[in-house]
Amino acid sequence: EPEVTQTPSHQVTQMGQEVILRCVPISNHLYFYWYRQILGQKVEFLVSFYNNEISEKSEIFDDQFSVERPDGSNFTLKIRSTKLEDSAMYFCASRGGPNTGELFFGEGSRLTVL
Amino acid sequence: AQTVTQSQPEMSVQEAETVTLSCTYDTSESDYYLFWYKQPPSRQMILVIRQEAYKQQNATENRFSVNFQKAAKSFSLKISDSQLGDAAMYFCAYRGRETSGSRLTFGEGTQLTVNP
């Protein structure tokens with residue numbers, strides 16, 4: 001069964017460092033998303049991506065964040081200068097097309113900022 | 001903006017019994033999707049069940065069923081014959097249909113414990 005894959009599963013970094021989280025969405029899907037979940041809190045929307053551009057972003061997704069789909073298969077989330085409060089689980093998700101409802105999530109990338 | 005509310009932070013059920021998790025939402029859209037996702041300790045988000053707002057019939061998936069009350073904006077999840085593997089955090093989620101690529105909005109989650 002097709003699935004969304006994310007790497008790394010866990011990354012530890014120093015405050016101020018750049019981090020890139022990678023995702024391979026399901027191959028024929030058109031819509032891509034990043035969510036984050038701080039430990040013990042709800043799942044928060046960061047950004048959605050369609051047709052090679054951001055379609056929607058939340059207030060959390062500030063200038064420190066960027067997304068890219070560099071090669072037609074990977075979908076990356078970059079955090080330019082990490083802060084302690086960026087420590088969270090980051091989930092990538094994809095969705096098939098305009099008339100499909102559900103998002104399929106990857107297993108998440110745990111980011112720890114020291 | 002759409003909001004999703006889960007008023008039960010924690011629930012528990014005896015193995016083989018039935019439990020119902022509550023969810024309410026607020027929206028001005030007429031067509032949308034509602035979902036229940038399960039998050040076990042591994043923290044992966046697993047789709048349990050989906051409901052399309054235009055469908056009057058409540059969705060069912062094996063032991064999982066929903067009670068969708070559109071006028072009341074209520075969407076509860078019933079788990080029958082609860083199993084130990086059902087223990088997890090359950091999130092109710094909403095996605096509007098009118099906007100292409102629109103976000104999925106989650107509730108705060110309900111932690112379900114299944115007692116043997």
Side-chain angles (χ1 to χ4, degrees), chain A residues 1-6 9-10 23 25-26 29-61 67 75 88-111, chain B residues 1-10 23 25 27 29 31-55 59 61 64 66 68 75 77 88-111:
Chain A
E1 183 175 324
E3 59 181 18
V4 177
T5 58
Q6 290 186 240
S9 57
H10 188 195
C23 169
I26 295 173
H29 282 191
L30 301 176
Y31 298 88
F32 314 111
Y33 304 80
W34 283 102
Y35 283 78
R36 81 172 185 190
Q37 185 183 31
I38 296 171
L39 186 64
Q41 298 186 22
K42 66 191 295 184
V43 182
E44 301 174 293
F45 169 77
L46 290 178
V47 65
S48 59
F49 192 87
Y50 169 71
N51 200 25
N52 286 318
E53 62 182 20
I54 291 174
S55 51
E56 190 179 5
K57 61 182 180 181
S58 72
E59 55 280 1
I60 302 169
F61 194 87
V67 290
F75 180 50
M89 183 73 95
Y90 288 81
F91 292 100
C92 174
S94 68
R95 180 168 70 88
N99 295 318
T100 58
E102 62 266 35
L103 277 62
F104 293 88
F105 285 82
E107 293 187 348
S109 293
R110 184 186 302 273
L111 175 64
Chain B
Q2 294 82 16
T3 58
V4 178
T5 302
Q6 294 177 247
S7 58
Q8 306 155 315
E10 298 176 348
C23 173
Y25 59 95
T27 184
E29 295 179 287
D31 197 10
Y32 47 86
Y33 298 93
L34 294 163
F35 307 93
W36 280 96
Y37 281 87
K38 171 185 177 181
Q39 187 180 44
S42 65
R43 298 191 72 183
Q44 184 173 8
M45 298 292 287
I46 302 167
L47 179 68
V48 175
I49 198 165
R50 60 175 270 180
Q51 175 80 43
E52 294 168 83
Y54 71 88
K55 291 185 177 179
E61 285 288 341
F64 298 88
V66 298
F68 173 47
F75 183 62
L77 174 70
M89 180 73 88
Y90 286 81
F91 290 98
C92 178
Y94 167 101
R95 191 179 81 75
R97 193 171 184 149
E98 294 168 4
T99 305
S100 175
S102 60
R103 67 174 73 180
L104 192 64
T105 300
F106 287 90
E108 302 89 342
T110 296
Q111 182 68 51

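Convention: sequence-line order gives letters A, B, ...; per-chain numbering from 1. We use all heavy atoms of the structure for the numbers below, so side chains are in, but hydrogens, waters and symmetry mates are not.
The distance from atom CD of A/Glu56 to atom CG of A/Leu46, rounded to the nearest 0.5 Å, is 11.5 Å. A distance of 10.5 Å separates OG in A/Ser48 from CD in A/Glu53, rounded to the nearest 0.5 Å. How far CZ of A/Phe45 is from OH of A/Tyr33: 7.5 Å, rounded to the nearest 0.5 Å.
Heavy atoms of B/Tyr33 lying under 4.5 Å from chain A belong exclusively to its side chain. Looking at A/Leu39, the atoms closer than 4.5 Å to chain B (heavy atoms on both sides) sit in the backbone and in the side chain alike. For B/Tyr37, the part lying near chain A is the side chain, with the backbone staying farther off; criterion is any non-hydrogen pair under 4.5 Å. Contact of A/Glu44 with chain B is not made at all, since no heavy-atom distance falls under 4.5 Å. Only the side chain of B/Gln39 has a heavy atom closer than 4.5 Å to any heavy atom of chain A. Proximity to chain B (any heavy atom under 4.5 Å) is shown, for A/Phe32, by neither the backbone nor the side chain.
Of all non-hydrogen atoms in B/Arg103 and B/Arg95, the two that sit nearest each other are O-CG, 3.4 Å. In this structure, B/Glu108 and B/Gln6 approach most closely via the heavy-atom pair OE1-N, 2.9 Å. The minimum heavy-atom distance between A/Gly106 and A/Phe91, with the atom names listed, is O-CD2, 3.6 Å.
Note on ring orientation: taking the six-membered ring where Trp is involved, the planes of B/Tyr90 and B/Phe64 are tilted (angle from 30° to 60°).
The interface of residues 41-50 of chain B with chain A, defined by heavy-atom distances below 4.5 Å, comprises B/Arg43, B/Gln44, B/Met45, B/Leu47, B/Arg50.
Under the 3.5 Å distance criterion, the side-chain polar atoms of A/Gln6 are matched with a main-chain donor or acceptor of A/Cys92.
A centroid separation of less than 6.0 Å is found between the aromatic rings of B/Tyr32 and B/Tyr94.
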